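Everything on this sheet refers to the single structure shown next.
If you're wondering where the values come from, they're calculated on a predicted model, not measured in any experiment. Chain identifiers are assigned alphabetically (A, B, ...) following the order of the sequence lines, protein sequences preceding nucleic acid strands; residue numbering begins at 1 within each chain.
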Amino acid sequence: MTTAAPARPRAGGPHRAPARWASRWPAWRAFLLLTLPMVAGLLLFKYVAIGWGLLLSFNDARGTISLGSWNGLDNYRRLLGDPAFTRSLVTILVFTLFIVPVTFALALGLAVLVNRLRGGRAIFRTTFFIPTAVSYVVGALVWKMSLFSGTPSGVANSLAYLLGYEDTIGWVATVDPPLYWIVLVTVRLWLQTGLYMILFLAGIQQIPAQLYEAARVDGAHTEWQLFRHITWPMLRNTSVAVTLLLIINAFQAFDEFYNILASNLSGLGSADGRTPLIYLFQTALGEQNYGAGSAGAFIVTALIVVFTLLQGRFAGFGRTGEEEGR
Amino acid sequence: MDRPLSRRGLLKGSVLFVAGAAVSACGGDPLAKTKTSPAAGNAKITLNHWYHEYGEEGTQQAALRYAADFTKANPDIAVKVSWIPGDYGTKWTAAVLTSDGPDVYEVNDVSPDMVKAEQVTPLDDVLGAEKSDFDAKVLAPYTWGGKVYAVPMVVDPMLVFYRTSLFQKAGVAVPTTFAEFAAAARTLTAGKQKGLFVGNDGIGDLGMLVPWSNGNLLVEDREIVYDDPKVVEALTALKGLHDSKVTLQGYSTDWWDPGALITGAAAMQWVGMWAVPGMTAELGDDFGAFPLPAFGPGGRQVVNMGGWVQVVNGKSAHLEAAKKYVRWLWVENTAAQTDWNLGYGFHIPPRTSAANAADKLRTGQAQKVMEAANTHGVKQPALWTPEVRQPYDDAVTAIVKKDADPAKTLAEAAKRSQDILDKVPTL
């Protein structure tokens, strides 16, 4: 923009600022004007709130969000001492360890397949991507009330009937064996795979065609070899970003769990499939224990950070090619 | 005329647009349907009155009408009625933390924490001389340290409703013990029809109600008492019912909606009296109701007494006006109370005299439900809060659905519940 413009001489005036600053002022003004609302909003509604939450987590804040009743680490001790909360952490860990690789593999597989299509690529790409535009709430309700409804007319039960299983199955309500996970996992896969497929597809299309040609010349004959030695390494940055997003999303799982499993007017469903966020939702907004709620939010945040750092360490996010070479 | 938009013009325009959007967004929750009573022209005080979204047609208009009538009688107090859709519980809890919270709102429970945080205020003077006209059993859970913190607006008895025609066809009589109840559910399960619907998880409130029917209310004052052979016995029987696969699970509506009973997906359903008009419209007189049977000898029949109560925000700037309004609407104004409870849906007016005078409650199934509620009504103990009951609910799921050892699981959970209960402030 105006950064390259020569300094406009200002005759006299109250401006005592150095000439360089003065010359850049129009650019600065535009920069401030454009970013200030965003930064102010971010500070006010995110960072101040986060800071307040951190302070609150060291307070006995029941039915209030004002500070003043310091109770040290009590809230953290209460949470970590509650088997319901620790079980919810285990639940979300297992869920993450399952859903992340599965979504990753599915999204990458779909992207490779769609990319290889000669015709109709746009149709398939759109078809797989459309579920991303569906809200989690809507998806969850379709899954709960139509596909996996416990009535004989539910889609899953109709299928089971065709396969010779005559009893109606309460999919969501059955915890032993844990059939409810089928409902939860399939809805999430359906909702999120499309988005990551698009990311992978964009990554694949960035890979120069010459690389494949060169590889063929060098003797890579099978598709697998091409994938293994060209596509996969070239997609590394995309893969790392996708994994990162997947992990964060998995840890923050709430919407479909809440909408599929919550079944009582009071309380939020049973211990099975209770994620940390659902537990905390109940603690903070159901029981009005805002101190413990904030403490739990920081425990979950810490877990997400740890996982992200770990995966960054193993996958090498942000490492340059040079560092890689050493 | 064809001047292209200048950069400055564009910038100004967008800043104005953003500012405008921000200002209009600050104008309050766009979802909440808020209306001030029309006669509010020269009022000095405006009270904020929050309702959750009642499903029945006409209730919102009724609420607005009461508010307008009050302002007519008290020209210096206007009432702004907010009709809160969706998750009402989380919305009022957030709102009462600020100074802009409602002055008058409705809740299901009043906990000691709410009292301590001044989210409610004693309403003994509001109840006044009419206090004895309210069911003591209903007032008890809202009483702390000898003070009553709520005025009941709506009493909702919940019990077992059933299809009389299906009972006759299967030759089933109204059960008098839990064993008979479970047997009836088995007999009534055939083809696409299940015997019983208590909630989409297959347990619903039975985890609490069956022990009640065996004479254990799970918590007594400040003591957890559910680590008890009676509860073990009740939950073992409940597990038997669950394992026999006679309960409807994962239906498209949940237990509070009579849909499953009306379509015949279930022959019996645990639901509240509010469902009576809907069932009458669809089924005529092909339905009946009975309390949850006594578990066995020494047990008791159970009708769960739910409902909504009106509370006044202790931090309200217009405490006296709010109290005056609540007394006018929910204590003195029996006509409004009867209209609110029976004009749209079907609930029991909390004032005994109003309930007894209501013609609609003296005919057909309604009368039977009324009688059952009067004789067998049980009100959930006040300290059975969501936090206290969570370990118990988890234990029930583990026992009923996952073959956990009942006595051991309950003992562990009881310890936890007691710990939580001990932290609840004493008033």
Side-chain angles (χ1 to χ4, degrees), chain A residues 30 33-34 37 41 60-66 74 78 81-84 87 141 144-146 148-154 156-157 167-176 178 180 183 261-272 274 279 281-290 292, chain B residues 11 15 18 22 87 89-91 93-94 96-98 108-109 111 113-119 191-192 194 199-205 245 247-256 260 263 265 306 385-387 389-391 393-398 401-403 412-413 416 419-420 423 425:
Chain A
L33 204 62
L34 289 170
D60 180 23
R62 292 162 177 264
T64 173
I65 48 167
S66 47
D74 265 14
R78 184 211 118 143
D82 182 356
R87 218 178 307 145
L141 291 182
K144 174 185 181 172
M145 293 162 77
S146 160
F148 287 96
S149 126
T151 53
S153 55
N157 274 337
D167 259 348
T168 52
I169 305 165
W171 292 90
V172 176
T174 309
V175 300
D176 186 27
Y180 64 99
V183 186
L261 296 177
S263 79
N264 285 325
L265 272 176
S266 52
L268 288 166
S270 67
D272 304 284
R274 185 190 286 136
Y279 177 96
F281 181 80
Q282 192 169 353
T283 307
L285 295 163
E287 296 151 12
Q288 293 206 59
N289 192 342
Y290 300 99
Chain B
L11 199 62
V15 168
V18 170
D87 199 346
T90 58
K91 285 185 185 154
T93 47
V96 294
L97 297 174
T98 69
N108 299 115
D109 309 296
S111 69
D113 282 321
M114 286 168 67
V115 174
K116 247 187 112 193
E118 282 185 41
Q119 293 172 355
K192 293 193 169 182
K194 290 282 188 183
N200 278 327
D201 61 351
I203 299 177
D205 274 345
K245 295 191 175 175
T247 53
L248 179 63
Q249 297 175 359
Y251 192 65
S252 47
T253 52
D254 215 335
W255 65 269
W256 58 80
T263 57
T385 62
E387 206 179 0
R389 71 182 288 178
Q390 191 203 39
D393 287 342
D394 290 357
V396 169
T397 318
K401 291 188 170 180
K402 295 197 276 198
D403 296 320
E412 277 165 17
R416 213 175 146 71
D419 277 353
I420 297 168
K423 291 207 184 85

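For B:Thr397, the part lying near chain A is the side chain, with the backbone staying farther off; criterion is any non-hydrogen pair under 4.5 Å. With a 4.5 Å cut-off on non-hydrogen atoms, A:Tyr290 touches chain B through its side chain but not through its backbone. Within the 4.5 angstrom heavy-atom criterion, only side-chain atoms of A:Asn289, from C-beta onward, approach chain B. With a 4.5 Å cut-off on non-hydrogen atoms, B:Asp403 touches chain A through its side chain but not through its backbone. There is no contact between B:Asp419 and chain A, counting heavy-atom distances below 4.5 Å.
The backbone N or O of A:Gly63 lies less than 3.5 Å from no partner atom in the side chain of B:Lys116, so there is not a single donor-acceptor pair. A donor-acceptor pair under 3.5 Å is absent between the side-chain atoms of B:Asp109 and the main chain of B:Ser111, judged by distance alone. Judged purely by atom type and a 3.5 angstrom limit, A:Thr64 has no side-chain atom pairing as donor or acceptor with the backbone of A:Ala61. At distances below 3.5 Å, at least one donor-acceptor pair connects side-chain atoms of B:Asp254 with backbone N or O atoms of B:Asn200.
Between chain B and the options A:Ser66, A:Ala284, A:Pro152, heavy-atom pairs under 4.5 Å are most frequent for A:Pro152. Among A:Arg87, A:Glu287, A:Met145, the residue making the largest number of heavy-atom pairs under 4.5 Å with chain B is A:Glu287.
Atom CH2 of B:Trp255 sits about 5.5 Å away from atom CG of B:Asp205, to the nearest 0.5 Å.
For the pair B:Glu387 and A:Arg78, the salt-bridge criterion is met [side-chain N within less than 4.0 Å of a carboxylate O].
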